[in-house]
2 protein chains.
Amino acid sequence: MTELYKKHKGTLEKAIEVCRKRYSWSPFIDNPSAKIHGEEALKNGKAAFEAHLGRSFDLDQPGTIGRVGHEISPYTQAPLNIDYPKADVDQLFSAAKAALPAWRDAGPAARAGVIIEILTRLSQETFENAFATMHTAGQSFPMAFAGSGSNALDRGMEALAHAMIAQREVPENALWEKNFGKDTIRLQKDYRLMPRGVGLVICCATFPAWNAYPAMVASLATGNPVIVKPHPNGILPMAIAVRRFREILNDCGFDPNLVLLAADEISAPVTKQLIHHPGCAIVDFTGSARFGQWVEENSGRSLVYTETAGVNSVIVESAHDLTAVITSVARTLCLFSAQMCTSPQNIYIPAQGVRDGDRLVPYEEVVERLVAEVKSLSENIKIAPNLFGALQSDVSLKLLEDLEKRGAERGTILKAHHAYDHPDFPQARTATPLMIELDISDRDFYQEEVFAPVAFVIKAKNREQALAQATSDVQTHGAIASYFYSSDPDFLSSGQNAFAEAGASLTCNLTGNMPLNFAAAYSDYHVTGLNPAGNACLADLAFVADRFRIVQIRYPMS
Amino acid sequence: MTELYKKHKGTLEKAIEVCRKRYSWSPFIDNPSAKIHGEEALKNGKAAFEAHLGRSFDLDQPGTIGRVGHEISPYTQAPLNIDYPKADVDQLFSAAKAALPAWRDAGPAARAGVIIEILTRLSQETFENAFATMHTAGQSFPMAFAGSGSNALDRGMEALAHAMIAQREVPENALWEKNFGKDTIRLQKDYRLMPRGVGLVICCATFPAWNAYPAMVASLATGNPVIVKPHPNGILPMAIAVRRFREILNDCGFDPNLVLLAADEISAPVTKQLIHHPGCAIVDFTGSARFGQWVEENSGRSLVYTETAGVNSVIVESAHDLTAVITSVARTLCLFSAQMCTSPQNIYIPAQGVRDGDRLVPYEEVVERLVAEVKSLSENIKIAPNLFGALQSDVSLKLLEDLEKRGAERGTILKAHHAYDHPDFPQARTATPLMIELDISDRDFYQEEVFAPVAFVIKAKNREQALAQATSDVQTHGAIASYFYSSDPDFLSSGQNAFAEAGASLTCNLTGNMPLNFAAAYSDYHVTGLNPAGNACLADLAFVADRFRIVQIRYPMS
């Protein structure tokens, strides 16, 4: 145990430093290139993924009372035909609780060593999991490799760094001496870090690992076992990860039941049963705003950390290079068919138009150019597969169809959604963005998050109205990411203040190859916790500091 | 603002160091001696207190819609006849919210400077507040001077230190650079610390400042205004403090409405209205377990930090010097008539007796000597006034009378409660401990906290049964402090582990002049948050880290 801490101490200290200075860094590789990984890596990963299909997933954990699993690939729209252990909830909690004491007593350093070993080993096996993520979440392969591979592992490492910072604030013991009358009292005080209990990690369908790894690591690093509850259509990537966690924990001399899987099917969900179990001490939830709110209100004395969803907005007020802005916004609307928690939905444009350097570009032209750019991306068959990926769920497609009808009655359909032809998967469930022009008064239409590739282009009377509406939407409906374009320093400053006051993080005037909604571990604080889109930040001290408590024992020094 | 930070930076850094190393330290004076404070200090403090009596308390704050206040002195049992502003709840929250932005924008360092200035000034005015505490809470003067003066201010300083540690983890900004394809993206990221909103601090009747100062400081240091809701019979000490907070804030150029008072009377309580107000973002509660649970369950999305009550136990298994043990336990049972959250209630003694060095002292003799020592303290008129103080509430007296009746039916009354004659206040509401011997099977009797000077001497079959029962009581009924005496290293170790597993902090084998239940700021973690006696620790990182959030703004570097 201590050897692993020594082995990984350099990485740990570096991660802590980067969390404090927040520059760009990663100990993992986000590029799937054969030049780095060898010619066989992709092929082997794909084969490893395919070996799972049509089989029982072998996960040796206690409390198995049957089999579950009914995942559909968004690319083939065929069942994966994999079944997983169906777990007895009581037995899961019992097994997790039994695993706790030795893990707790190992202490933060030993736990950190094991966790970095696990993250490192997972990073070496990204190909298999990337294919599993692709065929459950609908991500493109490159996105799955980076976003659900190294980027997600970085989020885990970031949570570990914060957990270590918090735990290191508590010394193991202290000597204390004070006079009471003529009596000098000398006490030794021992401070024991006590985990809360069993943590439940509820994963989302489209980006499971990216939120699950930090939650799992935050709980594990502070001594808490975890039960992972994957989305019914996103079991495989988490099952692969859980199995590896268990294997490596076991190799390191710990009880593998520190990490357990609770798979279910949409027809027989177990999430509420898990949350209501008296053994549940911590809930990490990623998913819909509606269910997230239920979780926040129904978790009793458990700690609850949520990341849900909001109505992310873009305000385009003015630019030094409007073409670059339009390119960036259009690309971000298309990325993974807007199925990311940071994808923008509501695009506010002032009716007077947008100043582009010296020229005032009329509102209509801005809209036209934005639509043209999205259309161009949608029709570019070379980049579409990697850009759009596939739709995770049929529900998104139905939402698009419904919105397209209702939108035509209310506003103007600027661009209908349509499938693109995936070169490798003719059956893929794909959709390019639906774009609807609305007036700012059409609040009922655009104030709800639509989990599908849809962009509302919202005509505001002026820039002040756009800003007021977008920031008010943050407070009432939540936002995880917001975007702002202005070349006017005064308006830029007002915008930054207004979004900050509304409790929203803001990306300003960003153009170029970086997707607007890319969130970097160790640098970007993801989710503010100040608006309805979630109550927790991944990752800050508040994300970890309450996952353990302190028991003290004091006694006279001999 | 910055000058105050410079002025107090040495104190702040020292406080941070001490919180990390947890040795004994205080920047304040806990001794009321005239040699330190001059001959006039006591007299002037008393005069300042007496000047409040029979008058309207002048507190210039917004939203006053009448007058309230009906405090009774436990020493004179006469009304203080002081009235305070009755505040309109909506207006309190509006005023607090309006004060927030400038305080937030001042930043952690400027806020820390102002807060230390306030704590320092309060420490120079302890005499007046000690008399106010004495005549509302019932504390003796020396206890009020130390426990509600410097010890309470130390708890505030400790909370500030933790708040600074947490806030310093977030840099003001960062430069971030990463390649995306051929494009190098260089971003500046600004991180803004955002307070949660208005904090509500609900004070208890017997030790208001000791929990209020850390809660107020934790919220203020992280940018949140606070509304202080004192107990209806403990308004004066908090009103004096609130007024000084306001004056000094104003002198430092800040809106005094950062600190507001919401006084009420028992006949028309405002606590629930304050908690349910949509502007309430944080609740710090000290009080009964029952109301604390209500607060935890009914505070919606607000952060809630509670310290309530439990059944604190003492296990006397063996000792190197039983006389010293009995002296310490007896003294702690008497201290402030057991009206402290750390006062022991349930004393477990094994039926086989207690080994004292080489001798096995029979159970009956242990009980007899403990009762004799409590009687001796109860009859010692020289020390009684400072040791026992007065009973804060009539309710405690009624509880004693009821228990004495019911106890005689169930077990054995070892010592009846009785008043002692206070030399200065013939009308004082006083009570020495009621001691009842029970069998370990009388659980219904001893498993509830009795807020009055009562000790249950519980006969256990053996030491293992005593330990099992005491630790099980922690988990089901809570405990803030637990006490353990054993000269057997193996049993001591089992005891420490069992209490830790139950989520209780433990004081072992402590004898001498220090009251067993003395909790030292910067060194003792007060309340574990792991059992029903409260969900928060005063103070650790978890007590402060979630009181602020982070909003980030990122934009291309120019």
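Computed from a predicted structure; not experimentally measured. Computed from heavy atoms alone, side chains included, the values below leave out hydrogens, waters and symmetry copies. Letters go in sequence order (proteins before strands), and every chain restarts at 1.
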Given that the side chain runs from C-beta out, which part of [X] has a heavy atom under 4.5 Å from chain B: side chain, backbone, both or neither?
| X | value |
| --- | --- |
| A:Asn497 | both |
| A:Asp190 | neither |
| A:Ser482 | neither |
| A:Leu516 | backbone |
| A:Leu187 | side chain |
| A:Ala504 | backbone |

**Request:** Tell me, for B:Asp524 versus chain A, whether the close heavy atoms (under 4.5 Å) come from the side chain, the backbone, both or neither.
**Result:**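 Backbone plus side chain of B:Asp524, per the 4.5 Å heavy-atom cut-off to chain A.
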**Item:** Sequence-distant partners of A:Ala163, side chain to side chain contact (heavy atoms under 4.5 Å, CB included), two or more places apart
**Value:**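 By the side chain to side chain contact (heavy atoms under 4.5 Å, CB included) rule, A:Ala163 matches A:Gln167, A:Ala221, A:Thr222, A:Val544.
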Student check: side-chain heavy atoms of [X] and [Y] closer than 4.5 Å:
| X | Y | result |
| --- | --- | --- |
| B:Lys189 | A:Tyr525 | no |
| B:Met514 | A:Lys178 | no |
| A:Phe518 | B:Phe180 | yes |
| B:Leu175 | A:Arg22 | no |
| A:Arg554 | B:Leu506 | no |
| A:Ser523 | B:Tyr191 | yes |
| A:Asp540 | B:Glu169 | no |
| A:Ile550 | B:Thr528 | no |

Would you mind telling me which of [options] has the largest number of heavy-atom pairs within less than 4.5 Å of chain B?
| options | result |
| --- | --- |
| A:Val170, A:Thr507, A:Asp546 | A:Thr507 |
| A:Arg196, A:Gln496, A:Met194, A:Arg168 | A:Gln496 |
| A:Ala174, A:Ala545, A:Ser24 | A:Ser24 |
| A:Arg192, A:His162, A:Arg547 | A:Arg192 |

**Rounded distance [0.5 Å steps], CG in B:Asn513 versus CD1 in A:Ile185** = 6.5 Å
**Item:** Best-contacting candidate, B:Asn535, B:Asn509, B:Asp183, against chain A by heavy atom pairs under 4.5 angstrom
**Value:** B:Asp183
**Message:** Under a 4.5 Å cutoff for heavy-atom pairs, which residue among B:Trp25, B:Trp176, B:Tyr555 has the most contacts with chain A?
**Reply:** B:Trp176
To check you understand the geometry: which heavy-atom pair defines the closest contact between [X] and [Y], and what is its length?
| X | Y | answer |
| --- | --- | --- |
| B:Pro171 | A:Arg20 | CG-O, 3.2 Å |
| A:Pro556 | B:Leu510 | CG-CA, 4.1 Å |
| A:Arg549 | B:Ala542 | NH1-CB, 3.7 Å |

**Request:** List the steps, then state whether side chain to side chain contact (heavy atoms under 4.5 Å, CB included) holds for B:Ser505 with A:Ile553.
**Result:** CA-CA 6 Å; B:Ser505 283; A:Ile553 299 164; over 6 Å; no
**Request:** With sequence neighbours excluded, tell me which residues meet ring-ring contact (aromatic ring centres under 6.0 Å, His included) with B:Tyr23.
**Result:** none
**Asked** Considering heavy atoms only, which positions within residues 295-303 of chain B lie below 4.5 Å of chain A?
**Response**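 Answer by number: B:Glu296, B:Arg301.
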**Asked** By side chain to side chain donor-acceptor pair (under 3.5 Å), which residues pair with B:Asp321, not counting sequence neighbours?
**Response**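 Checked B:Asp321 against side chain to side chain donor-acceptor pair (under 3.5 Å); zero matches.
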**Asked** Should A:Arg104 and B:Glu501 count as an ion pair when the cut-off is N to O under 4.0 Å?
**Response** yes
**Asked** If you count the non-hydrogen atoms of other residues, nucleotides and ligands that lie under 6.0 Å from CD in A:Glu177, is the total more than 12?
**Response** yes
